[in-house]
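Sequence lines set the chain letters: A, B, ... in the order given, protein chains first and strands last, and positions in each chain run from 1. Note that the structure is predicted; figures quoted are calculated from it, not measured.
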Amino acid sequence: MSDTPEIPEPGPDGGLGEHPLTAARLARHQEILVGAGYPYRFERSDYAVELHARYGSLSPGEETDDRVTVAGRLMAVRKMGKLVFAVLQDATGRIQLFVDRRTLGDEGFAEFDELDIGDWVGASGVMITTKKGEVSVRIDDFELLAKALRPLPAKWHGLQDVEMRSRRRYLDLMVNEHARTVALTRARIVGELRRQFEARGYVEVETPVLLSQATGALARPFQTHHNALEQDMYLRIATELFLKRLVVGGMERVFEIGRIFRNEGIDATHNPEFTMLESYQAFADYNDIMDMVEEMIAAVALAAVGWTEITYQGKKLDLSPPYRRVRMVDLVAEAVGEPVGFDRPLSEMRDLADRHGLEPGSTWGHGKIIDQLFEELVADDIWEPTFVLDHPKETSPLAREHRDDPNLTERYELFIAGAEYANAFSELNDPLDQRARFEQQARARAGGDEEAHPIDEDFLLALEYGLPPTGGLGIGVDRLVMLLTDQHHIREVILFPTLRPEA
RNA sequence: GGGCCUGUAGCUCAAUAGGCAGAGCAGCGGACUUUUAAUCCGAAGGUCGUGGGUUCGAUUCCCACCGGGCCCA
């Protein structure tokens, strides 16, 4: 009888039908579904940012005959009776729609009135500027592309709640410009890192995430189980040993940017899954890698933020090379006011550690004490980019012995603003020495040191076929993004940080 | 793991020395053809994180739990 189709009863709608803020949106949505439905695609002619670039110089009140089609999310609506100003946000920015009844017609104008903030809309019209000079599209046609059944966070205060910004990152991205900026800057940083390595002849590779043994670093792994193989497996805690196997195989320059998993605490600088960049270059030593790293950091800063002189946590920071290069033992000696060489009796070194608030474990040698004194007394105070050189052999089981000192290794960490950004060494390539180092680690582990490497026999096998002299590097990508976007918490640079399930 | 703080409307935040919980924005109804957080008028909107306890009465005090934040280890 009736020619208007019946609106279906609300099905399982998550309670949207009962809430006053969503009932009307849901009803409209169902009305559209029983009618013409939503379009499957939409042809846009221009992004918001392009229109501002092209028409920003029009004088106030100027009109053109240039037709454009825009699309985006409706973020604001200002109704003036027979005239409406609406704001559409696309991936690049915002553009105002000038919606007047004369141009759009009575029917279309009434339909536009039914739109809600948050709806996805496509619209066509001509480019004009308003009396106040705002670049706008005076629309003569529009289409509802998808309806937002839930209201957006407040337009002015946005979304502040840290928890919800992380849990519902899409809302954060919709309403907080800085969230979009950080996400885009991260993409630029990762892209530039790739370009830097590719320009130097490196090949990007992917090594396994799922392993029967998690090796190559000091960390507790996530454990899982493979049903068909009937064996426990572990998520990787580093990519190091697999990348070196590739160099053994003759891939002389390789790098990987990949997710690493460490089953440890969550705080401002640690997320259980994070992104690590590792690279290995045959025939290079750690000096070569230092030169490369300072060039790369500067290039990445330029690409990401446009300058090498940045502001971090309210202070100026210059990332242009060359970076200071200083030995760890010299920094520690300076901090404690006395020499900390390996020629001093171990008992004196243990006293020294005690006096500086450390509680040296029974397995600690000179090297571990020096390393811990550095962490405790020096690391936090380094501001300008600094390569801290020549770590003790004891705490660097994968690094090659220093050519001038058998107690040290050719290893450095790059410190900036009190945090570590890169870790690199002349790689240990003698399989016999590597086996001895692993065994020393195993003894420390048996002695109660949980921060000790397990032995990886399969890696030793590969080494026995010959690893050329190699310079290796690891960079914490998330921390680098934090530095370049001036964020003080890792959750701000990871789109979906690890959280407890919501109650 | 320890300490401190925190959870109130869709969002951002108030208040209550234990006695009917408020505002701005958003939403709803109305006016308005040049707005930019539009403006004006009107009517609404709440399981005060969850569960116990004390009390005549608890959003407020106590306990536990859940989520979150900061600091320390």
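Using N1 to N3 plus N6-O4 or O6-N4 for Watson-Crick, or N1-O2 and O6-N3 for G-U wobble, each under 3.5 Å, B:C40 pairs with B:G30. Of all nucleotides present, only B:C13 satisfies the Watson-Crick or G-U wobble test against B:G22, with each distance under 3.5 Å. The partner of B:G1 is B:C72, by the rule that a Watson-Crick or G-U pair needs both atom distances under 3.5 Å. Under the Watson-Crick or G-U wobble criterion, with both distances below 3.5 Å, B:G45 is left unpaired in every strand shown. Across all strands shown, B:A64 forms a Watson-Crick or G-U wobble pair with B:U50, both key distances being under 3.5 Å.
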ring-ring contact (aromatic ring centres under 6.0 Å, His included) between A:F415 and A:F374, intermediate numbers included: CA-CA 12 Å; A:F415 278 83; A:F374 171 78; 5.2 Å; yes

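Spacing of P atoms, B:G57 relative to B:G53, comes out at 12 Å, to the nearest Å. A gap of 11 Å separates the C1' atoms of B:G18 and B:U54, to the nearest Å. The separation of B:C25 from B:U50, taken at their C1' atoms, amounts to 29 Å, rounded to a whole angstrom. Comparing the P positions of B:A58 and B:C20 gives an interatomic distance of 12 Å, to the nearest angstrom. Separation of the C1' atoms belonging to B:G49 and B:C41 is 37 Å when rounded to the nearest angstrom. The gap from the P atom of B:G27 to that of B:C40 amounts to 16 Å, rounded to the nearest Å. With both ends at atom C1', the span from B:C4 to B:G46 equals 30 Å, rounded to whole Å. Here, B:U8 and B:A14 have their C1' atoms 9 Å apart, quoted to the whole Å.
Across the protein-nucleic acid pair, A:K147 atom NZ and B:G27 atom C1' stand 12 Å apart, rounded to whole Å. The distance from atom CZ of A:R165 to atom C1' of B:G69 is 12 Å, rounded to the nearest whole Å. Atom-to-atom, CZ of A:R101 to P of B:U34 comes out at 14 Å; the value is rounded to the nearest Å. Spacing between atom CE of A:M75 and atom P of B:G10 amounts to 19 Å, rounded to whole angstrom units. Straight-line distance from the CZ atom of A:R138 to the C1' atom of B:U34: 12 Å, rounded to whole Å. Computed from coordinates, the A:Q160 CD to B:G69 C1' distance equals 14 Å when rounded to whole Å. As a whole-Å value, the separation of A:M164 CE from B:U6 C1' is 15 Å. Rounded to an integer number of Å, the gap from A:L115 CG to B:C28 P is 12 Å.
Taking 4.0 Å as the cut-off between side-chain N and carboxylate O, A:D161 and A:R168 do not count as a salt-bridged pair. For A:R28 and A:D116, the salt-bridge test fails: no basic side-chain N is under 4.0 Å from an acidic carboxylate O. Contact check on A:D46 versus A:R54 returns a salt bridge, with a Lys/Arg side-chain nitrogen under 4.0 Å from an Asp/Glu carboxylate oxygen. Looking at A:K368 and A:D371, no side-chain N of the basic residue comes within less than 4.0 Å of a carboxylate O on the acidic one, giving no salt bridge.
At the heavy-atom level, A:L21 lies under 4.0 Å from base atoms of the strands shown. Residue A:E134 is classed as a base contact, given a heavy-atom separation below 4.0 Å to a base. As judged by a 4.0 angstrom heavy-atom cut-off over every strand, A:G158 is placed among residues touching the sugar-phosphate backbone only. At a threshold of 4.0 angstrom between heavy atoms, the contacts of A:R94 with the nucleic acid are absent. Residue contacts for A:H489: at a heavy-atom cut-off of 4.0 Å it reaches the sugar-phosphate backbone alone, with no base atom in range. No engagement by A:L152 is indicated, since no non-hydrogen atom pair under 4.0 Å with the nucleic acid exists.
Side-chain N/O atoms of A:R102 include none lying less than 4.0 angstrom from OP1 or OP2 on B:U33. Applying the 4.0 Å criterion to OP1 and OP2 of B:G68, one finds that A:R167 has a side-chain N or O inside that range. The side chain of A:R500 places an N or O atom within less than 4.0 Å of a non-bridging phosphate oxygen (OP1 or OP2) of B:G67.
Among the candidates A:L352, A:L408, A:V332, A:V336, the single residue satisfying the side chain to side chain contact (heavy atoms under 4.5 Å, CB included) test with A:I370 is A:V332.
Glycosidic torsion of B:A17 falls within 90° of 0, placing the base in syn.
In this pair, A:Y312 and A:W383 present their aromatic rings tilted. The plane angle is within the 30 to 60° band.
Judged purely by distance below 3.5 Å, without hydrogens or angles, the side chains of A:H391 and A:E413 pair a donor atom with an acceptor atom.
In this structure, A:H270 contributes its side chain and A:R262 its backbone to no donor-acceptor pair below 3.5 Å. The backbone N or O of A:G61 lies less than 3.5 Å from a partner atom in the side chain of A:T129, making a donor-acceptor pair.
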For nucleotides 37-42 of chain B, print each protein N/O atom paired with a nucleotide N/O atom at under 3.5 Å, atom names and distance only.
residue : atom : partner : partner atom : Å
B:A37   : O3'  : A:K155  : NZ           : 3.2
B:A37   : N1   : A:W156  : NE1          : 3.2
B:A38   : OP1  : A:K155  : NZ           : 2.1
B:A38   : OP2  : A:R78   : NH1          : 3.1
B:A38   : N6   : A:K79   : O            : 2.8

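Mapping A:D116 and A:D267 onto RNA chain B via the closest heavy atom, the residue that lands nearer the 5' end is A:D116. Along RNA chain B, the nucleotide nearest A:H488 and the nucleotide nearest A:K82 are compared for position; the residue whose nucleotide lies closer to the 5' end is A:K82.
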